[in-house]
Amino acid sequence: MDNELTQPALNAAMREAVDFIHAEGWDAPPTLFGVVPSRLLIDAIDLDDDTRPLTLVVQDLLPENLEGGHDALVDYCARIAWPQQVVGAILAQEIMFKDSAEGADAQPRPARLFSGVLREPGVELTLLQLRPTPEELEAAGPFAEDRVELRGGPTVAPGVLAALRYGLDQDPDNLL
């Protein structure tokens, strides 16, 4: 397996996506990233950190009508045929999340869902960041908004992972 297409490389790229989205603040539209090997960009642009195996490329042209947590966004992602130079994809979206561990009376909470896959089979990751309530922010003290707490698991959003993987599996040269 190429050292770029490993779980640790995806984990690092996901953390970079989390930091990027967190800096943008809440109530943001979905963000899609293409993931490319950093070695392909070192000569093209001035990278500050050439030790990262993967680099995120923000896809700026998402249709404005696509909202986080809706099937239309997942369908859109499944229709993207990424060129071979793109070795992965990460989707960040805001959703309403109901934690089944809190019981049947749990109320849905705003959250960010980060889903990422690489071309290497089985290399994928889903992370969830719950939006803190005003009470949680107050109790946490100064700089509470700067803290990022993430949860993860393979069963959080399998449909999103499948859609991202499907887009990576398509050959853009053979589409009609």
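Note that the coordinates shown come from a computational prediction; the quantities given were computed from them, not determined experimentally. Basis for what follows: all heavy atoms, side chains included, without hydrogens, waters or symmetry-related copies. Here, residue 1 is the first one in the sequence, and each next residue gets the next number.
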Glu16 side chain to Ala12 main-chain N or O, any donor-acceptor pair under 3.5 Å? no
Quick one: does any side-chain atom of Gln59 pair with a main-chain N or O of Val57 as donor and acceptor, under 3.5 Å? yes
Does Leu168 offer a backbone N or O that forms a donor-acceptor pair with the side chain of Arg119 under 3.5 Å? yes
For Ile95 and Gly68, the nearest pair of non-hydrogen atoms, with its separation, is CG2-C, 4.4 Å
Whether the side chain of Glu94 engages the backbone of Asp27 through a donor-acceptor N/O pair (distance < 3.5 Å, no angle test) should be reported. yes
Non-hydrogen side-chain atoms of Val160 and Cys77 separated by less than 4.5 Å: no
Return the CD to CZ distance between Gln170 and Arg79, rounded to the nearest 0.5 Å. 12.0 Å
Tell me, do Met96 and Pro110 make a side-chain contact under 4.5 Å, heavy atoms counted? yes
Measure from the side-chain N and O atoms of Gln93 to the backbone N and O of Leu113, and report whether any donor-acceptor pair falls under 3.5 Å. no
Does Val18 belong to the same Ile/Leu/Val/Met/Phe/Trp/Tyr cluster as Leu56, with side-chain heavy atoms less than 4.5 Å apart forming each link? yes
Answer whether the closest heavy-atom distance between the side chains of Thr31 and Ile90 falls below 4.5 Å. no
Shared ILVMFWY cluster between Trp26 and Leu62, side chains joined below 4.5 angstrom? no
Between the main-chain N or O of Leu10 and the side-chain N or O of Arg15, is there a donor-acceptor pair closer than 3.5 Å? no
Closest non-hydrogen contact found for Pro53 with Ala9 is CG-CB, 3.7 Å
Heavy atoms only: give me the nearest Tyr166-Ala78 pair and the separation to one decimal. CD2-O, 3.1 Å
Judged by atom type as modelled, is there a donor-acceptor pair below 3.5 Å linking the side chain of Gln129 to the main-chain atoms of Arg151? no
Do Leu125 and Asn11 make a side-chain contact, defined as non-hydrogen atoms from C-beta onward lying under 4.5 Å apart? yes
Side-chain (Arg131) to main-chain (Arg109) donor-acceptor, under 3.5 angstrom: no
Measure across Tyr76 and Leu61 and return the closest heavy-atom pair with its distance rounded to 0.1 Å. OH-O, 4.0 Å
Might you confirm whether atom CG of Asp169 has over 12 heavy atoms from other residues, nucleotides or ligands at distances under 6.0 Å? yes
Okay, side chain of Ser38, backbone of Arg52: is any donor-acceptor separation there less than 3.5 Å? yes
Could you walk me through whether Leu130 and Glu149 pass the side-chain contact (heavy atoms from CB on, under 4.5 Å) test, one step at a time? CA-CA 8 Å; Leu130 293 176; Glu149 293 183 24; over 6 Å; no
Do Leu164 and Ser115 touch side chain to side chain, with heavy atoms closer than 4.5 Å? yes
Which pair of non-hydrogen atoms, one from Phe33 and one from Ala17, has the smallest distance, and what is that distance? CE1-CB, 3.8 Å
For Ala92 and Ile21, which heavy atoms make the closest approach, and how far apart are they? CB-CG1, 3.7 Å
